[in-house]
S.K.: 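I am attaching a structure below and will ask some questions about it afterwards.
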Protein chains: 2
Amino acid sequence: MQVKLEEIIQSIYLLPEQVLEEVLGNFKHLEYPKNHYLLKPGKSCKHIWFMTKGAVRYYYTNEQGKEMNTWFSMDRQVIADTSSLVKKEPSEESIQLLEDSEMYAIEYTSLQTLIQKHHAFSLWYIKLVELYYIAQIEDRLTDLQFLDAKQRYQKLLSLYPDITNRISLGNIASYLNITQETLSRIRAGKI
Amino acid sequence: MQVKLEEIIQSIYLLPEQVLEEVLGNFKHLEYPKNHYLLKPGKSCKHIWFMTKGAVRYYYTNEQGKEMNTWFSMDRQVIADTSSLVKKEPSEESIQLLEDSEMYAIEYTSLQTLIQKHHAFSLWYIKLVELYYIAQIEDRLTDLQFLDAKQRYQKLLSLYPDITNRISLGNIASYLNITQETLSRIRAGKI
DNA sequence: ACCATTTTTTGATTTACATCAAAAGTATTC
DNA sequence: GAATACTTTTGATGTAAATCAAAAAATGGT
């Protein structure tokens with residue numbers, strides 16, 4: 001247990017000792033093997049996970065049965081199907097581990113209860129959403145709109161320098177929304 | 001003043017009478033003419049606007065000086081450069097009115113103060129972000145990834161059936177991330 | 001009503017990337 | 001260590017949409 005949950009929580013927004021204790025009690029430490037599913041389509045997302053080690057991909061399966069990655073997270077990141085969580089609707093996507101991973105989980109219902117109970121925790125949650133979620137998704141949206149495949153790949157590389165050792169070419173290509181042939185050609189400098 | 005601010009606020013999350021009064025006092029009613037800028041690049045976004053009438057576009061200006069729309073909002077929608085707001089950094093985008101418009105504005109600093117002061121208002125803000133912001137941006141992201149130009153146009157039409165009378169073809173094309181020639185051909189059924 | 005400007009449409013050509021097909025390279029298992 | 005299954009690369013061809021160029025249509029000002 002290298003990364004302490006308390007540190008992660010306090011780095012988002014400082015909570016009073018008493019609230020922190022109660023919040024910590026609502027998290028579970030979990031370990032899952034590579035390929036484990038945190039979420040499958042049709043199920044509602046009921047947790048927020050704070051990954052401390054590992055890698056995960058989010059993907060949709062289209063009508064032709066093709067898996068299309070929409071995102072992945074590595075190491076210290078927050079994981080959830082925010083759309084399913086917020087709308088309280090069944091998820092349309094899958095969340096699958098790409099490495100043996102460790103994480104802390106909190107149930108969304110517990111989170112809701114804590115938000116209602118503690119003003120400080122509602123402020124913590126606002127910071128979480130603003131910093132970890134909105135900032136991230138905004139960046140991704142502008143990248144998708146303005147950058148071509150090669151530029152998106154280069155940006156991804158600068159964000160995760162070791163990604164080529166950890167995530168397969170096919171998975172990265174799917175995330176970039178290009179074919180693996182195209183990504184292979186980008187790597188070879190042919191594009 | 002057809003749409004009452006009180007209704008908008010209470011439709012997001014019900015506030016106690018006393019908090020509501022204080023919140024209402026922090027909003028200003030504003031009217032601006034077509035082409036007015038709510039935000040220009042380099043300035044920090046300092047307000048959240050609740051539009052009650054009108055239309056607005058968000059756009060970036062790229063290195064070649066070309067304006068690229070990223071979003072637009074019509075009638076009852078929440079307006080802000082969330083990225084600039086949240087990161088407290090200068091905006092990279094412009095927000096410009098496409099019609100004479102009416103709206104209510106609250107300063108982000110006032111919002112922060114109210115969030116710190118009233119637990120109920122922090123819960124209101126969480127709902128605002130979850131429902132109006134996250135749900136919307138998530139949808140937009142999946143549309144961009146999975147739908148082609150024609151499908152995105154059809155989805156836009158079903159969302160804003162009167163859009164062709166209110167927003168020019170060039171502006172819609174820019175929002176769809178295609179050229180106006182392509183949109184013209186889509187409309188003519190040639191694609 | 002006319003001229004100037006902006007918006008939309010049409011046509012020809014180019015381009016980035018997809019698709020299809022197959023070979024080469026790497027892991028995994030017995 | 002050969003057999004099997006994945007993963008990555010290479011080549012040929014196809015396609016959606018961009019770009020370039022210009023005409024047609026609509027809008028606005030005097």
S.K.: Specify the separation, in whole Å, of atom CD1 of B:I186 and atom C1' of C:dT9.
M.R.: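 Result: 14 Å.
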S.K.: Can you measure B:L147 atom CG to D:dA17 atom P for me and round it to whole angstrom units?
M.R.: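 So the CG-P distance, B:L147 to D:dA17, works out to 11 Å.
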S.K.: My understanding is that a hydrophobic cluster links ILVMFWY residues whose side chain heavy atoms are under 4.5 Å apart, including indirect links. Using that, what else belongs to the cluster containing B:Y37?
M.R.: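 Members alongside B:Y37: B:Y59.
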S.K.: Strictly distance-based, threshold 3.5 Å: is any side-chain N or O of A:H119 a donor or acceptor partner for the main-chain N or O of B:I115?
M.R.: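 Side chain of A:H119 to backbone of B:I115, a donor-acceptor pair under 3.5 Å: yes, one is there.
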S.K.: Nearest-Å distance, CG (B:N35) to P (C:dT6)?
M.R.: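 After rounding, the reported distance stands at 12 Å.
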S.K.: Starting at atom NZ of A:K190, determine the distance to atom P of C:dC17, rounded to an integer number of angstrom.
M.R.: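 Taking NZ of A:K190 and P of C:dC17, I get 16 Å after rounding.
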S.K.: Let me check something: do B:L14 and B:I12 share a hydrophobic cluster, defined by ILVMFWY side-chain heavy atoms less than 4.5 Å apart, either directly or through other members?
M.R.: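 No: no chain of side-chain contacts under 4.5 Å links B:L14 to B:I12.
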S.K.: Please give me every residue in residues 173-184 of chain B whose heavy atoms get under 4.0 Å of an atom in DNA chain D, ordered by residue number.
M.R.: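 Contacts with DNA chain D under 4.0 Å: B:N177, B:I178, B:T179, B:E181, B:T182.
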S.K.: If every non-hydrogen atom of B:M74 is compared with every non-hydrogen atom of B:I163, which pair is closest and at what distance?
M.R.: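 Heavy-atom minimum between the residues: SD-CG1, 4.3 Å.
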S.K.: Could you work out, with side-chain contact (heavy atoms from CB on, under 4.5 Å) as the rule, every residue matching B:S11, not counting sequence neighbours?
M.R.: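 With sequence neighbours excluded, B:S11 shows a side-chain contact (heavy atoms from CB on, under 4.5 Å) to B:R76, B:Y132, given in chain and number order.
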S.K.: Return the value, rounded to whole Å, for the distance between atom CZ of B:R152 and atom C1' of D:dA16.
M.R.: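 Roughly 12 Å, once rounded to whole Å.
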S.K.: Just how far, in rounded Å, is C1' of D:dA16 from OH of B:Y153?
M.R.: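 Those two atoms, OH and C1', are 18 Å apart.
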S.K.: Starting at CG of A:L169 and ending at P of C:dT26, how long is that distance when rounded to a whole Å?
M.R.: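 One finds 14 Å between P of C:dT26 and CG of A:L169, rounded.
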S.K.: Less than 4.0 Å between a side-chain N and a carboxylate O, is that true for B:K155 and B:D139?
M.R.: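 Salt bridge flag = no for B:K155 with B:D139.
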S.K.: To the nearest 10°, let me know how far the axis at one end of the helix from C:dA1-D:dT30 to C:dC30-D:dG1 is tilted from the axis at the other, five pairs an end.
M.R.: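 Inter-axis angle at the ends, rounded: 50°.
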S.K.: Side chains of residues 173-182 of chain A: which donor-acceptor partners sit under 3.5 Å, not counting sequence neighbours?
M.R.:
{"residue": "A:S174", "atom": "OG", "partner": "A:N69", "partner atom": "N", "Å": "2.6"}
{"residue": "A:N177", "atom": "ND2", "partner": "B:Q145", "partner atom": "O", "Å": "3.2"}
{"residue": "A:T179", "atom": "OG1", "partner": "A:T182", "partner atom": "N", "Å": "3.2"}
{"residue": "A:T179", "atom": "OG1", "partner": "A:T182", "partner atom": "OG1", "Å": "3.0"}

S.K.: At their closest point, which heavy atom of B:I95 faces which heavy atom of B:A80, and how far apart are they?
M.R.: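 Answer, listing the atom of B:I95 first, then B:A80: CD1-C, 4.1 Å.
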S.K.: Provide a list of protein-nucleic acid N or O atom pairs under 3.5 angstrom, restricted to nucleotides 27-30 of chain D.
M.R.:
none

S.K.: If you look at every heavy atom in B:L114 and B:N26, which pair is closest and at what distance?
M.R.: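 The pair with the smallest heavy-atom distance is CD1-ND2, 3.8 Å.
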S.K.: Run through A:R166, A:R57, A:K34, A:K53 and flag the one making a salt bridge (charged side-chain N to carboxylate O under 4.0 Å, His left out) with A:E99.
M.R.: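 That would be A:R166.
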S.K.: Under 3.5 Å, is there a donor-acceptor pair between the side chain of B:S73 and the main chain of B:V56?
M.R.: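 Such a contact is absent between B:S73 side chain and B:V56 backbone.
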S.K.: Taking the nucleotide of DNA chain D with the nearest heavy atom to each, does B:R185 or A:R187 sit closer to the 5' end?
M.R.: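 By nearest-heavy-atom nucleotide position, the 5'-most residue is A:R187.
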S.K.: Can you check the A:L98 CG to D:dC6 P distance for me, whole Å?
M.R.: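 It is 16 Å, rounded to the nearest whole Å.
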